[in-house]
Amino acid sequence: MQFKNKKNLLIGLVAFSLIFAGTTFVYAQRETISLTGAWRLGTGEQIPASFNYEVSVPGLVDLVTPFLSWQDEKYFWYKKTFTLSSQQKKPCAFIKIDQSQFGTEVYLNGQKLGSYIGCYTSHEYKADKAINYNGENTVLVRVGAKDTLSPDSAVGKDWERVSYIPGIWGDVSLYLTGEIKIENIQVIPQIETATALVKVTLWNLATTPQEAKVVIQVVEKKSGNEAGETSFDFHLDEGEEKIKRQGIKIKQMKLWSPDSPFLYTAKVKIIQDGKIIDDLTVNFGMREFKIVDGDFYLNKKRIVLKGSNIAFHRFLSDLERKDLVWDEEWIKKLLIDIPKKHYFNFFSNQLGQMYNCWYDIADEYG
């Protein structure tokens, strides 16, 4: 089993075809298929014979229908089906779960893909040996109660948290890609030189050394106007993972601030033999945070922080929350609209990662 921790990102499909080792693959920009929404649910330590409940992903098991006394169960099995066609076939496939708790096992078409004891970070599972490109696929995900976790899990202890409700509380997706994969993108703004330092983690999944090119384009998120571009060639040995760094000058740089939350998008593509075999994007703002003599500085200007704290996982313990913490309109109202009316400009998150959408909305609206 192989998994990596990283932020979830969704990319569309632009297809090319290629005959590879006697098998027809579709070479294209990464294709991502969302598996969020309604799943079936069953209970028990082993795979249940029936899945008599329905539950939403993302969500927690207290939201199942019909009613289930989830406190009396130790293990919960999520079930989801999806269909693929031979035209979608690519060398590599991964199932990605942004967050789940407490302790996770993943199966695809009867084959165990792997397990994970983390409760706050994303995890993914290589699925190309189990996937069916000629019809229906069945994903099973088992999560446990908190007391089923191994002692070395970093779940933490919060004495003010009244309950620990299991569930898949982050988004789930399937993505299909080539044999060289973009594992992660990190953008480090350097505002003094109007430069975005882009760190790209590349992983060679092939059984032979590979050479290819990375093209990085930075555009303004809303307008789509080009702000900078660069490229570089690279070599990876069999199974090698490598981080490459490249600086990009940002044309007519616009800084991000709470009053003007200007965002850019970095579009990263791997090109081999003239064909795009993987791509990934990430949004970022040109901004710099520093503490100088006990004061907080944003973009070299002193700023007074006015706000409060968010303990997201205490929200998850509140049975009256229902599905609000995953509702984008409600998140924006809680995180942006009401606080800005009271002149708030920051929140401190504590006691565990929030649902990823919260960070995206904070970036988008300042």
For the aromatic rings, using the six-membered ring if either is Trp, is the centroid distance between [X] and [Y] under 6.0 Å?
X	Y	result
F312	W358	yes
H313	Y120	yes
Y107	W77	yes

Within-4.5 Å side-chain heavy-atom neighbours: [X] and [Y]:
X	Y	result
E288	L255	no
I276	D278	no
S173	L35	no
I188	K199	yes
F232	V215	no
Q88	I33	yes
F82	V139	yes
W256	Y264	no

Hey, are [Y] and [X] close enough side-chain-wise for a donor-acceptor pair under 3.5 Å?
X	Y	answer
N137	N109	yes
S150	D152	yes
K112	Y125	no
S122	D98	no
E179	Q210	no
W39	E54	no
D171	Y355	yes
D233	H235	no

Between the side chains of R30 and D279, is the shortest nitrogen-to-carboxylate-oxygen separation below 4.0 Å, so that they form an ion pair? no

When you group the ILVMFWY residues by side-chain heavy-atom contacts below 4.5 Å and let the links chain together, are V172 and W326 in the same group? yes

Cluster check V57, F51: I/L/V/M/F/W/Y, side chain < 4.5 angstrom: no

Any cation-pi pair here, K290 with Y297, using under 6.0 Å and within 45°? no

Please lay out, stage by stage, how D327 and K333 fare under the test salt bridge (Lys or Arg N to Asp or Glu O under 4.0 Å). CA-CA 10 Å; D327 183 307; K333 184 177 180 180; over 6 Å; no

Report the C-alpha distance between Q87 and Y133 in whole Å, list the side-chain angles of each, state the deciding distance to 0.1 Å, and finish with yes or no for side chain to side chain contact (heavy atoms under 4.5 Å, CB included). CA-CA 8 Å; Q87 286 74 33; Y133 283 100; over 6 Å; no

Could you tell me which non-hydrogen atom of G103 sits nearest to which non-hydrogen atom of L149, and how far apart they are? N-CD2, 3.5 Å

Y359 vs N349, test: side chain to side chain contact (heavy atoms under 4.5 Å, CB included). Steps then yes/no. CA-CA 10 Å; Y359 302 101; N349 177 54; 3.5 Å; yes

